[in-house]
Each structure stands twice: as structure tokens, then as C-alpha cells.
Amino acid sequence: MNRINIGIFGRVNSGKSTLMNLLTQHETSIVDSTPGTTADVKTTVMEIHELGPVKIFDTAGIDEKGVLGEKKKEKTFNALKRSDIVLLVINENNAAYKNDDYATESEVISVSEKRGKEIFIVYNKFKGLPCIREAVSAKIDSKNKYPYIELELSDRSNYTHLIEFIKKNSKLQMSRTPLLPGLDTDKIVFLNIPIDEESPEGRFLRPQMMIEEYLVRRYIPTFAYRMDLGMARSIIAEEVQEEKARFDEFISHLNANGKLQLLITDSQAMDIISKWTKDASYMVTTFSIVMINFLSRGNLELFAEGVKAFENLKSGDKVMIAEGCNHDRKAEDIGTVQIPRKIDEMFGKGKIQVDHYFGRVFAEYDKLKEYKLVIHCGGCMLDQQAIASRIEDLIESGVSFTNYGVLLSYFEGKDTLNKVIEPYGLKI
Ligand SMILES: Nc1nc2c(ncn2[C@@H]2O[C@H](COP(=O)(O)OP(=O)(O)OP(=O)(O)O)[C@@H](O)[C@H]2O)c(=O)[nH]1
Ligand code: SF4
Ligand SMILES: [Mg+2]
């Protein structure tokens with residue numbers, strides 16, 4: 001999870017793919033003298049002994065013209081936003097560089113600066129050719145701010161120099177946001193996992209698995225419970241009573257002597273959990289809230305504040321529902337059924353336009369402004385950098401955003417919302 005993302009950027013033919021292959025010590029990317037060889041972002045995941053787990057992006061040159069060039073550029077900048085370290089490659093062999101305004105390099109630097117990236121310049125040195133570093137540096141880095149290295153990238157034995165250079169200059173403290181707030185090892189965490197009929201057998205969903213493993217690893221006892229949502233929401237009073245009695249019995253056993261410290265529920269069960277844990281002495285939150293807080297590196301507050309935009313929605317507004325994966329849709333799917341239905345109930349059918357973005361696809365930067373609110377899932381299939389990039393894009397576009405767990409709790413009232421964010425010391 002705490003992987004460092006390293007992005008490689010620069011003009012076409014500057015040696016970006018050669019650098020990718022130097023880092024991976026392998027023919028990962030195609031290297032060719034034809035400009036524009038790399039057309040899409042090429043991602044590779046590996047373990048570099050001295051740096052730990054890394055994800056490396058080889059990108060298309062951003063100086064390519066035309067419609068296709070623009071498309072490539074957008075993808076390249078998306079990768080840049082998801083990078084922690086930006087390696088800007090400059091080809092020393094390119095005579096055209098000498099009388100250039102370095103707009104390409106300056107653009108990479110300015111976007112990277114704005115997003116707080118670490119910027120390292122890699123001068124691709126060609127054997128026996130005059131060095132142009134000083135001339136280039138005077139134009140793009142007149143204050144000598146950015147660490148640089150001159151290397152012949154096609155020489156694989158330069159690997160060690162390159163890694164040492166990155167290691168020496170990177171001040172990156174990978175976020176150590178804990179998955180859960182501080183908990184006691186002598187108290188129990190209750191995991192409410194309703195399991196939909198359509199859920200595949202043989203495994204838990206990723207957030208459930210991650211949280212269970214995190215707790216057990218830390219000697220914090222857990223109790224996994226399957227709530228029958230059909231019974232709990234039944235129109236037959238006896239069924240509801242029976243299901244509630246089963247729940248209450250386990251809770252009272254576990255909470256004897258105040259031994260229950262936290263209940264984490266699937267967000268979709270918030271309507272029931274909110275009612276059944278009204279006077280609880282233990283904390284309550286949702287899997288989705290735990291995940292988004294972790295993946296946003298402790299920025300749950302932004303998602304909690306964002307829910308206020310929901311109150312101000314009006315007819316004609318557009319809302320985006322974003323999920324980090326393309327999972328199977330079940331009948332009562334949160335993103336495609338439950339939330340849109342609630343929006344229709346609250347604002348009138350079809351009054352608010354709801355768009356969906358699933359998987360790695362997120363609305364284009366220019367389109368974000370059209371939305372009044374973005375409602376995001378826990379994002380467990382995305383990494384911290386992808387969530388950070390989405391948050392930054394949304395903040396820059398002035399769009400409010402919230403999260404499934406936050407919104408579904410808010411639907412049950414402000415007290416419920418405050419209860420689920422309280423474990424993080426938040427209140428709105
Ligand atoms: N002699 C020499 N040639 C190199 C070196 N680095 C790159 N080249 C050559 O420069 C050309 C472009 O290299 P690539 O790594 O494909 O460049 P790129 O930046 O990925 O190019 P695009 O994908 O087209 O944007 C290839 O023909 C390489 O063989 C080097 O250090 N020495
Ligand atoms: S990425 Fe989102 S929708 Fe997909 S499993 Fe994770 S939390 Fe659920
Ligand atoms: Mg390339």
C-alpha cells in the first residue's frame with residue numbers, strides 16, 4: 001500500500017523508455033528512435049531493494065502535436081498527478097534543445113510544483129557528445145533547485161548510480177496513515193458483514209479482508225458477524241425482532257464489562273445499525289469510511305465536510321458517483337441503485353442528474369466543474385496516489401466531494417454522521 005510512484009516524463013525521444021528499462025533492468029518498454037514510440041502510459045510494479053515497493057510510469061512525450069498528441073498528453077499528466085517522484089528526462093543529444101524555450105520541461109515542472117511532487121532531472125548523456133546541462137538548467141532551473149544526474153541511460157550498469165541518486169535526494173516520507181485509529185488490544189472490534197447473495201464465495205471484499213488482517217496482526221480481537229439485512233428490514237415485525245434479538249445477544253455478550261470498543265459495518269447497513277446502536281457505549285464506523293480515510297492519507301475531514309453540498313443541491317444540478325472498480329452489480333447496489341434512489345426521493349425523480357464513473361476512469365479534468373458533488377466509494381482498488389490526485393483535481397475545480405459511508409450515515413441524521421466520524425476525532 002505504501003508504494004512510491006515514480007513517473008518518467010519528457011519530450012518524445014528523450015530516452016524515457018530507456019530510463020524505464022534501466023530502472024527495471026529489463027526490456028519493459030519499447031525503445032526506438034521513432035518519435036512517439038510510447039503511445040500510452042506503461043505501468044510497472046516492482047520492488048527496488050533500496051527504495052521498497054515502487055510503481056513506475058513510462059509516459060508518452062508531451063510535445064507531440066495534433067489531436068492524438070493532446071490525448072497522449074492528457075494521459076501523461078494524469079500519470080504525473082499520481083506520481084510522488086517526477087523524473088524529467090532531457091536528451092543531451094538533441095541539438096534542437098539549444099535554442100529552445102523549454103516550454104515542455106517548464107510545463108512538467110510547473111504542474112509538478114503545484115502538486116508538491118519531488119522533481120529530479122535526468123540528463124540523458126550520449127557518449128562523446130558535448131554536455132548542454134548548464135544551458136538547459138539556466139532556462140528551466142535557474143536557481144538550481146532540482147537535483148540532477150547525468151547518465152548514459154542505455155548503459156544498464158548505471159542502475160546503481162541512478163538508485164543512489166534517487167535515494168539520496170528523495171525526502172519522501174511515505175504516508176504512514178494507520179488503517180484504523182488507535183485501538184486497545186484487550187477490547188473487541190465487531191465487523192458487520194451482511195454478505196449479499198450475489199457476493200462470490202471463498203473470500204471477503206478487500207476492505208473487510210484488509211481490516212480483519214490489520215486488527216489480527218496487532219493482536220486486536222475481532223468478531224465477524226453476518227447481519228441478515230432482508231430480515232432486519234422486513235415488513236414483518238416478528239422477523240425484525242428476531243434479527244434484532246440475535247444482534248443484541250451477541251453485542252451484549254461481547255460488550256460485557258465494556259469489552260466492545262468499535263463496530264465497523266458495511267455502509268449499506270447504516271439504516272439498521274444507526275437504529276440498533278443508538279445508545280452504544282462503543283464507537284461505530286463503516287468500512288468505506290475506514291478505507292477513504294486511509295487512502296486519502298487521513299483526509300476524512302474533507303469528505304465529511306463535503307456532505308454539506310448535498311443539502312444545497314437543487315433541480316438541474318449534476319452529481320457524480322465514482323467507484324474505484326468495476327464489480328458485479330447486485331440488485332441493491334449502493335452506487336447504481338441505493339444512492340440514486342435516495343436522491344430521487346429527496347429532490348424529485350430525475351431532478352438531479354447522476355453520472356457514474358467506475359474503475360480507473362474518472363471524469364476528465366475539464367468536465368469536473370460541471371458537478372456540484374462527487375460521491376466516492378471507499379476506493380479500496382485504488383492507491384493513495386490515485387485518491388490524492390482525484391482530491392487535488394476536485395479541490396482545484398472547486399467541486400465538493402463525499403464518500404459512501406459518510407453519505408449513507410448522513411441519510412440517517414446528523415447524529416449518526418457524527419457518530420461514524422467520531423473515531424477520527426471529527427464533528428460537523
Ligand atoms: N546512444 C544512446 N542512445 C540512446 C540513449 N538513450 C536513448 N537512446 C536512443 O534514443 C532513442 C529514443 O529512446 P527512447 O527511450 O525510446 O525515448 P522515449 O523518450 O521513450 O521516446 P518516445 O516513447 O518516442 O517518447 C532510441 O533510439 C534509443 O536507442 C543513450 O543513452 N545513448
Ligand atoms: S473500489 Fe470501491 S466499489 Fe470497488 S470494492 Fe473497493 S470500495 Fe467497493
Ligand atoms: Mg518511450
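If you're wondering where the values come from, they're calculated on a predicted model, not measured in any experiment. All residue numbers in this chain count up from 1 along the given sequence. We count ligands from 1, going down the list as the structure has it; atoms in each ligand are counted the same way.
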**Request:** Mind listing the protein N/O/S atoms less than 2.8 Å away from atom 2 (Fe) of ligand 2? Waters don't count.
**Result:** C377 SG
**Prompt:** Which protein residues have a heavy atom closer than 4.0 Å to any atom of ligand 1, listed by chain and number?
**Reply:** R11, V12, N13, S14, G15, K16, S17, T18, V31, D32, S33, T34, P35, G36, T37, T38, G61, N124, K125, F126, E152, L153, S154
**Message:** With a 4.0 Å cut-off on N to O distance, would you call K71 and E74 a salt bridge?
**Reply:** no
**Fill in**
Which of I8, I6, N5, T76 passes side chain to side chain contact (heavy atoms under 4.5 Å, CB included) with F57? Answer is N5
**Request:** State plainly whether the residues K72 and D40 are in salt-bridge range, i.e. N to O under 4.0 Å.
**Result:** no
**Message:** Taking the cut-offs as 6.0 angstrom to the six-membered ring centre and 45 degrees off its axis, would you call R246 and F250 a cation-pi pair?
**Reply:** no
**Request:** Answer yes when D344 and K349 have at least one side-chain N-carboxylate O distance shorter than 4.0 Å, and no when they do not.
**Result:** yes
**Closest non-hydrogen atom pair, I428 against A304** = CD1-O, 3.6 Å
**Request:** Mark whether atom 2 (Fe) of ligand 2 lies under 4.0 angstrom from at least one protein heavy atom.
**Result:** yes
**Request:** Taking only Lys NZ, Arg NE, NH1 and NH2, and the carboxylate oxygens of Asp or Glu, determine whether E107 and K73 approach each other closer than 4.0 Å.
**Result:** yes
Side chains of residues 113-122: which donor-acceptor pairs under 3.5 Å do they make with residues two or more places apart or in other chains?
unit_1: E113; atom_1: OE2; unit_2: K145; atom_2: NZ; d: 2.9
unit_1: E113; atom_1: OE2; unit_2: Y146; atom_2: OH; d: 2.4
unit_1: R115; atom_1: NE; unit_2: E396; atom_2: OE2; d: 3.3
unit_1: R115; atom_1: NH1; unit_2: E392; atom_2: OE1; d: 3.3
unit_1: R115; atom_1: NH1; unit_2: D393; atom_2: OD1; d: 3.2
unit_1: R115; atom_1: NH2; unit_2: D393; atom_2: OD1; d: 2.6
unit_1: R115; atom_1: NH2; unit_2: E396; atom_2: OE1; d: 3.1
unit_1: R115; atom_1: NH2; unit_2: E396; atom_2: OE2; d: 3.3
unit_1: K117; atom_1: NZ; unit_2: K81; atom_2: O; d: 2.8
unit_1: K117; atom_1: NZ; unit_2: S83; atom_2: O; d: 2.8
unit_1: E118; atom_1: OE1; unit_2: S170; atom_2: OG; d: 2.7
unit_1: E118; atom_1: OE2; unit_2: K171; atom_2: N; d: 2.6
unit_1: E118; atom_1: OE2; unit_2: L172; atom_2: N; d: 3.2

**Request:** Can you tell me which residue pairs pass the ring pair (Phe, Tyr, Trp, His ring centres under 6.0 Å) test with a partner in residues 67-86, sequence neighbours excluded?
**Result:** none
**Prompt:** Is R217 salt-bridged to E213, going by a charged N under 4.0 Å from an acidic O?
**Reply:** yes
